[in-house]
Amino acid sequence: QKEVEQDPGPLSVPEGAIVSLNCTYSNSAFQYFMWYRQYSRKGPELLMYTYSSGNKEDGRFTAQVDKSSKYISLFIRDSQPSDSATYLCAMRDTGGFKTIFGAGTRLFVKA
Amino acid sequence: EAGVAQSPRYKIIEKRQSVAFWCNPISGHATLYWYQQILGQGPKLLIQFQNNGVVDDSQLPKDRFSAERLKGVDSTLKIQPAKLEDSAVYLCASSLRGDEAFFGQGTRLTVV
């Protein structure tokens with residue numbers, strides 16, 4: 001079993017839809033949770049960075065962490081064609097330095 | 001603020017040849033990472049430096065891969081000899097305190 005599981009998609013939605021992206025993990029020691037956006041032929045770009053459980057909102061993006069279920073989500077409201085990219089979840093424990101990435105979910109937002 | 005710079009952007013080599021990649025992190029960032037991203041997968045950490053010391057190189061294939069970070073700034077990653085399965089994007093990232101990492105655009109390596 002991989003430490004971090006993420007559905008690779010692709011996920012195709014119409015413009016304006018609410019998008020839900022998810023990851024599950026197995027290591028209960030993970031405390032830091034991140035979402036990165038990666039456009040084609042570009043490096044990953046940090047979108048959201050959260051610590052422990054709860055919600056964090058930034059503009060159209062909301063990150064949600066449920067440590068009891070070992071489940072994290074990224075919600076995108078009013079999705080735009082410019083949101084079309086691969087979204088990578090990542091996580092790290094408090095003691096270690098290694099960040100583990102999910103495989104990424106490809107998202108297409110159609111105009 | 002300038003981002004993480006990497007070169008070259010693309011490289012095509014034959015198997016068994018050697019190749020080197022260069023990375024210049026964001027100024028002042030003590031932590032530098034090299035990741036390998038195979039098509040359709042998430043980035044996998046190869047090596048992590050804190051200043052010029054190695055923090056984690058547990059997933060670096062040391063029989064063929066080497067990396068150095070002289071003077072705690074720029075870094076180079078070398079592969080010698082290359083194999084077909086080394087075809088991937090090699091990403092360099094840096095962070096101030098080992099937390100939020102900022103990535104470069106990557107070097108796309110094709111081994112034929």
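This structure is a prediction, so every number in the text was calculated from the model and none was measured. The sequence lines fix the lettering, A, B, ..., with proteins before strands; numbering per chain opens at 1.
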Run the salt-bridge test on B/E85 and B/K15 with the 4.0 Å N-O cut-off and return the result as yes or no.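 So B/E85 does not pair with B/K15 through a salt bridge.
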If the threshold is 4.0 Å, N to carboxylate O, is there a salt bridge linking B/R69 and B/D74?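 Salt bridge: no.
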Against chain B, label [X] side chain, backbone, both or neither, depending on which of its atoms sit under 4.5 Å from a heavy atom there.
X: A/R106; answer: neither
X: A/Y49; answer: side chain
X: A/P8; answer: neither
X: A/E45; answer: neither

Part of [X] lying under 4.5 Å from any heavy atom of chain A:
X: B/S58; value: side chain
X: B/Y90; value: neither
X: B/A101; value: both

When you measure from the side chain of A/T24 to the backbone of A/Y71, do you find a donor-acceptor pair of N or O atoms at a distance under 3.5 Å?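 Checking the backbone N and O of A/Y71 against the side chain of A/T24, no donor-acceptor pair under 3.5 Å is found.
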Aromatic centroids of B/F49 and B/Y33 separated by under 6.0 Å: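 Judged by ring-centre distance (under 6.0 Å), B/Y33 and B/F49 do not meet the cut-off.
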For each of B/Q6, B/R9, B/Q41, tally heavy-atom pairs with chain A at distances under 4.5 Å, and name the one with the top tally.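 The candidate making the most pairs under 4.5 Å is B/Q41.
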Would you please classify the geometry between the A/F101 ring and the B/F103 ring as parallel, tilted or perpendicular, with 30° and 60° separating the classes?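 Perpendicular, since the angle between the ring planes exceeds 60°.
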Are A/Q38 and B/Q37 linked by a side-chain donor-acceptor pair shorter than 3.5 Å?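 A donor-acceptor contact under 3.5 Å links the two side chains.
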